[in-house]
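Heads up, the thing below is written out as structure tokens.
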Amino acid sequence: MKKFRKKIIAGNWKMNKTVAEGEDLATGVKRELDECPDVDVVLCPPFTALKSVGDAIADSVIKLGAQNMHWQDYGAQTGEICPAMLRDLYCHYVILGHSERRRDFKETDKVVNLKVKAAIQAHLVPIVCIGETQKQREAGKTEDVVRDQVTGSLSGLGDSITKLVIAYEPVWAIGTGLTATPEQAQEVHAFIRGVLTDMADENSAESIRIQYGGSMKPANAAELLSQPDIDGGLIGGAALVAGSFVEIVRAAM
Ligand code: PEP
């Protein structure tokens with residue numbers, strides 16, 4: 001049975017914005033979106049700006065997210081951040097398994113799975129990224145790749161599988177200006193929901209939100225977001241300017 005899924009728009013600032021710049025951007029977004037009951041809005045600044053951005057959005061509907069974390073509770077992991085540290089800064093969400101981390105830091109589905117479990121355990125909502133490369137798409141392997149990433153990254157979650165958000169981000173569309181057409185994106189989103197149905201059950205699969213990511217911008221957001229299985233967006237470049245991010249949120253209303 002089709003369920004209502006509240007749209008979720010998250011800004012992934014990546015390695016951009018100092019403390020002061022982050023505060024400015026967050027304040028700009030908040031000014032425009034002080035009331036936004038129909039859409040979940042999330043800002044994911046770099047670790048160093050989590051505190052200032054969190055303070056800037058504290059009395060608003062906007063939620064805070066991080067871009068990564070380690071799966072262990074504490075310990076000898078130089079340069080890493082654990083779930084409790086994110087909770088300490090009032091993070092609600094954490095992006096996990098972004099393709100840039102899979103590509104540059106060799107994060108595997110197994111590692112992403114450990115992180116997803118640790119995030120849920122710490123009451124953080126994981127935004128789990130999956131998506132095929134251009135080479136894989138051209139070789140007709142999109143469904144195989146996406147199925148492996150979903151089953152690998154989300155294995156062993158049981159009923160907790162409903163406590164996360166998935167971001168389908170075709171790697172060839174990230175930061176390239178190329179966007180999947182609404183039809184291409186919808187096709188993969190529906191396929192992902194089918195995989196989730198096989199892993200859990202139809203009710204659970206229908207309740208999980210699947211964002212699209214990959215050069216989403218004001219000009220293409222409304223059409224992408226009107227697809228039946230596209231439940232929001234994970235926004236990179238267009239989230240770095242308050243005006244364009246806010247326009248995308250409005251397109252989701
Ligand atoms: C991303 O990296 O999550 C992303 C979607 O980036 P962009 O919007 O810049 O393609």
Side-chain angles (χ1 to χ4, degrees), residues 7-17 21-22 25 29 39-47 49-50 53 63-69 91-107 112 115-116 119 125-134 136-137 142 145-146 149-150 153 164-182 184-186 188-189 192 209-225 227 229-252:
K7 294 237 179 342
I8 171 167
I9 304 291
N12 173 13
W13 295 3
K14 308 193 185 187
M15 198 171 66
N16 295 292
K17 307 294 177 188
E21 289 166 350
L25 177 52
V29 172
V39 184
D40 286 333
V41 181
V42 187
L43 299 182
C44 304
F47 290 133
L50 281 171
V53 169
K63 297 276 195 283
L64 190 64
Q67 299 173 20
N68 180 36
M69 56 164 227
C91 281
H92 275 75
Y93 293 85
V94 59
I95 298 171
L96 296 175
H98 191 281
S99 62
E100 286 154 11
R101 297 209 57 86
R102 291 176 185 263
R103 180 194 65 203
D104 299 339
F105 300 97
K106 310 291 170 245
E107 284 193 13
V112 176
K115 294 185 177 195
V116 169
V125 178
I127 297 178
V128 186
C129 302
I130 54 164
E132 82 286 1
T133 62
Q134 180 143 25
Q136 289 164 334
R137 176 165 278 263
T142 298
V145 170
V146 164
Q149 289 179 338
V150 172
S153 303
L164 52 83
V165 174
I166 293 177
Y168 168 59
E169 301 206 299
V171 178
W172 48 272
I174 294 180
T176 58
L178 295 174
T179 318
T181 63
Q184 278 175 326
Q186 167 58 27
V188 181
H189 280 234
I192 293 167
R209 295 182 291 181
I210 308 175
Q211 298 174 303
Y212 168 80
S215 301
M216 190 184 268
K217 43 189 178 262
N220 60 25
E223 218 190 337
L224 284 159
L225 292 166
Q227 300 298 311
D229 286 290
I230 299 186
D231 308 313
L234 182 55
I235 322 297
L240 295 177
V241 176
S244 58
F245 183 70
V246 167
E247 265 196 72
I248 295 173
V249 175
R250 292 203 200 291

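Each residue takes its place number in the sequence, starting with 1. One-based numbering, in listed order, for ligands and for the atoms of each.
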Check: Quick one: nearest non-hydrogen protein atom to atom 9 (O) of ligand 1, plus distance?
Finding: G237 N, 2.8 Å

Checklist line | Sub-4.0 Å heavy-atom approach of A238 to ligand 1 | finding: no

Check: K17 and L240: which non-hydrogen atoms are nearest, and at how many Å?
Finding: NZ-O, 3.4 Å

Next item on the list: Could you list which atoms of ligand 1 come closer than 4.0 Å to a heavy atom of S215?
Entry: 7 (P), 8 (O), 10 (O)

Check: How does I174 reach ligand 1, by side chain, by backbone, by both or by neither, if only non-hydrogen atoms under 4.0 Å count?
Finding: both

Checklist line | Heavy-atom pair of closest approach, residues E169 and C129 | finding: OE1-SG, 4.0 Å

Check: Got the closest protein heavy atom to atom 8 (O) of ligand 1, with its distance?
Finding: G236 N, 2.8 Å

Check: Can you tell me if A173 has a non-hydrogen atom under 4.0 Å from ligand 1?
Finding: yes

Next item on the list: Could you grab the distance from atom CD of E223 to atom CD of Q186, nearest 0.5 Å is fine?
Entry: 12.5 Å

Next item on the list: Number the atoms of ligand 1 from 1 as they appear, then name those within less than 4.0 Å of a heavy atom of L234, with their elements.
Entry: 3 (O), 5 (C)

Note to self: Below 4.0 Å, non-hydrogen atoms only: which portion of A167 touches ligand 1? Side chain, backbone, both or neither.
What the structure shows: neither

Next item on the list: Could you tell me the residue and atom name of the protein heavy atom closest to atom 2 (O) of ligand 1, and the distance to it rounded to 0.1 Å?
Entry: K14 NZ, 2.5 Å

Note to self: Looking at every non-hydrogen atom in both residues, tell me the closest pair between P170 and G213 and how far apart they are.
What the structure shows: CD-O, 3.3 Å

Item checked: Numbering as shown, the atoms of ligand 1 that approach G214 to under 4.0 Å (heavy-atom distance) -> 5 (C), 10 (O)

Next item on the list: Return the set of residues passing side chain to side chain contact (heavy atoms under 4.5 Å, CB included) with Q184 (not counting sequence neighbours), or none when no residue passes.
Entry: R137, W172, A180, T181

Check: Are any of the heavy atoms in K217 under 4.0 Å away from ligand 1?
Finding: no

Check: Are any of the N/O atoms in G175 less than 3.5 Å from those in ligand 1?
Finding: yes

Checklist line | Distance-minimising heavy-atom pair for V241 and L25 | finding: C-CD1, 3.9 Å

Check: Which pair of heavy atoms, one from L96 and one from A119, lies closest together, and at what distance?
Finding: CD1-CB, 4.2 Å

Checklist line | Heavy atom of the protein closest to atom 5 (C) of ligand 1 (residue, atom name, distance) | finding: E169 OE2, 3.1 Å

Checklist line | Test item: V94 and K115 side chains (from C-beta on) under 4.5 Å apart, heavy atoms | finding: no

Notebook entry, point to check: N/O to N/O below 3.5 Å, does that happen between I235 and ligand 1?
Noted result: no

Item checked: Which residues share a side chain to side chain contact (heavy atoms under 4.5 Å, CB included) with T179, sequence neighbours left out -> Y212, S215, K217, N220, L224

